[in-house]
Amino acid sequence: MGANDYQMNYNVDMVFCIDTTGSMYPVLNMVKQNALNFYNDVTKVMTEKAKKIHQLRVRVVAYRDYLADGNTAMRVTDFFNLPEQSAEFEQCVRSLEADGGGDEPEDGLEALAYAMKSRWDSSGMKNRHVIVVWTDASTHPLGYGSQAPNYPQNMAKNFAELTDWWGDRQMPGVMNQSAKRLELFTPDMPGWNEITKLWDNVICYPSKAGQGLQEMEYQVILNVIANTI
């Protein structure tokens, strides 16, 4: 019996929360360069770990700052089915530009809330619902930009409510408790470090504040994703 006979089949949904302010050009460029081949790259790493992706869907939440950037503060896509929609996924990612942001903190928690409320697919025997956040900035408190005309309705009112959305073993939240995973490529700064300390199923790879994630390598990200699944 070969190694492939022991492979686990997974249906995987991933949401990429990407800070698209000016300093994030390096990581945006990396994502753009690899978007078309992302499905093949992930499945290759998964196969090496005796895991098999039966279905892969990817969604993008590109964020900045509601008060500083107005209508360009948050861009949210539907899920792309990969590999069938790899070209559309690449086109979406290539349309993202590193610009704006205003002050140093951005509205990362709102982006995370959007990701958590995704229409996750729970079909199949084995599911993973993975959120990946990339930023080199701290995050405003939830609601900081609520005076902006385009601020979303039905947003979590504060960090405590967002924590309830994530849930725990005693009080399940809006996501599937066994399927959910959160990967943070974020600085050790207020907002993000509370998540690392208080939430379950979180992996954090601290970034250096204000340096645009230059130290992030594509292969490292692929391995983190595969290990999380």
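Every heavy atom of this structure was used, including side-chain atoms; hydrogens, water molecules and symmetry mates were not.
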For a 4.5 angstrom cut-off between non-hydrogen side-chain atoms, does [X] reach [Y]?
| X | Y | value |
| --- | --- | --- |
| P105 | T139 | no |
| T186 | I195 | no |
| M24 | W134 | yes |
| M14 | I225 | yes |
| S123 | N11 | yes |
| W192 | C204 | no |
| V60 | V76 | no |
| K51 | N9 | no |

task: List, by chain and then residue number, the residues other than L67 in its hydrophobic cluster (Ile/Leu/Val/Met/Phe/Trp/Tyr, side-chain heavy atoms under 4.5 Å); write none if there are no others.
output: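 Y144, all in the cluster of L67.
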Restricting to non-hydrogen atoms, name the atom on [X] and the atom on [Y] that form the minimum distance, rounded to 0.1 Å.
| X | Y | result |
| --- | --- | --- |
| G70 | N150 | O-ND2, 2.7 Å |
| H129 | S122 | CE1-OG, 3.6 Å |
| E97 | R64 | O-NH2, 2.6 Å |
| V174 | K117 | CG1-CE, 3.7 Å |

Set of side chain to side chain contact (heavy atoms under 4.5 Å, CB included) partners for [X], sequence neighbours left out:
| X | answer |
| --- | --- |
| T228 | R181, E183, I203, V224 |
| A98 | Y25, L28 |
| D164 | none |
| S118 | V15, R59, F79, W120 |

task: Give me the ring orientation class for F185 and Y205: parallel if the planes are under 30° apart, tilted from 30 to 60°, perpendicular past 60°.
output: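 Parallel, since the angle between the ring planes stays under 30°.
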query: With sequence neighbours left out, what residues match D19 under side chain to side chain donor-acceptor pair (under 3.5 Å)?
result: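 With sequence neighbours excluded, D19 shows a side chain to side chain donor-acceptor pair (under 3.5 Å) to T21, T135, given in chain and number order.
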Heavy atoms from other residues, nucleotides or ligands near [atom1] of [X] exceed 12 (cutoff 6.0 Å):
| X | atom1 | value |
| --- | --- | --- |
| K49 | NZ | yes |
| N158 | CG | yes |
| Q91 | CD | no |

Spatial distance of atom [atom1] ([X]) from atom [atom2] ([Y]) [nearest 0.5 Å]:
| X | Y | atom1 | atom2 | result |
| --- | --- | --- | --- | --- |
| Q85 | E90 | CD | CD | 13.5 Å |
| N193 | S138 | CG | OG | 10.0 Å |
| R57 | R119 | CZ | CZ | 10.0 Å |
| L142 | F159 | CG | CZ | 8.5 Å |
| Q177 | N201 | CD | CG | 6.5 Å |
| T43 | H54 | OG1 | NE2 | 14.0 Å |

For residues 31-42, please give each side-chain donor-acceptor pair under 3.5 Å, one per line with the distance, not counting sequence neighbours.
from : atom 1 : to   : atom 2 : distance (Å)
K32  : NZ     : L96  : O      : 2.6
N34  : ND2    : M30  : O      : 2.8
D41  : OD2    : Y218 : OH     : 2.7

What residues, two or more places apart in sequence or in another chain, satisfy ring-ring contact (aromatic ring centres under 6.0 Å, His included) together with [X]?
| X | result |
| --- | --- |
| Y151 | Y66 |
| Y114 | none |
| W166 | W199 |

query: Between the side chains of R75 and S95, is a donor N or O closer than 3.5 angstrom to an acceptor N or O?
result: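 A donor-acceptor contact under 3.5 Å links the two side chains.
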- prompt: Taking F16 as the fixed residue, which of V58, T77, I131 is the one that meets the side-chain contact (heavy atoms from CB on, under 4.5 Å) rule?
  reply: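 Per the side-chain contact (heavy atoms from CB on, under 4.5 Å) rule, the option paired with F16 is V58, out of V58, T77, I131.
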message: Suppose the criterion is salt bridge (Lys or Arg N to Asp or Glu O under 4.0 Å): which pairs have a residue in residues 121-135, not counting sequence neighbours?
response: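 Residue pairs passing salt bridge (Lys or Arg N to Asp or Glu O under 4.0 Å), neighbours aside: none found.
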task: Hey, could you give me each pair passing salt bridge (Lys or Arg N to Asp or Glu O under 4.0 Å) that has a residue in residues 190-204? Not counting sequence neighbours.
output: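 Qualifying pairs, neighbours excluded: K180-D200.
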- prompt: Backbone N or O of A68 within a donor-acceptor pair of the D65 side chain at under 3.5 Å?
  reply: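 Yes.
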task: Give the C-alpha distance, both sets of side-chain angles, the deciding distance and a yes or no for side-chain hydrogen bond (donor to acceptor under 3.5 Å, both in side chains) between S23 and D136.
output: CA-CA 8 Å; S23 64; D136 67 339; 2.7 Å; yes
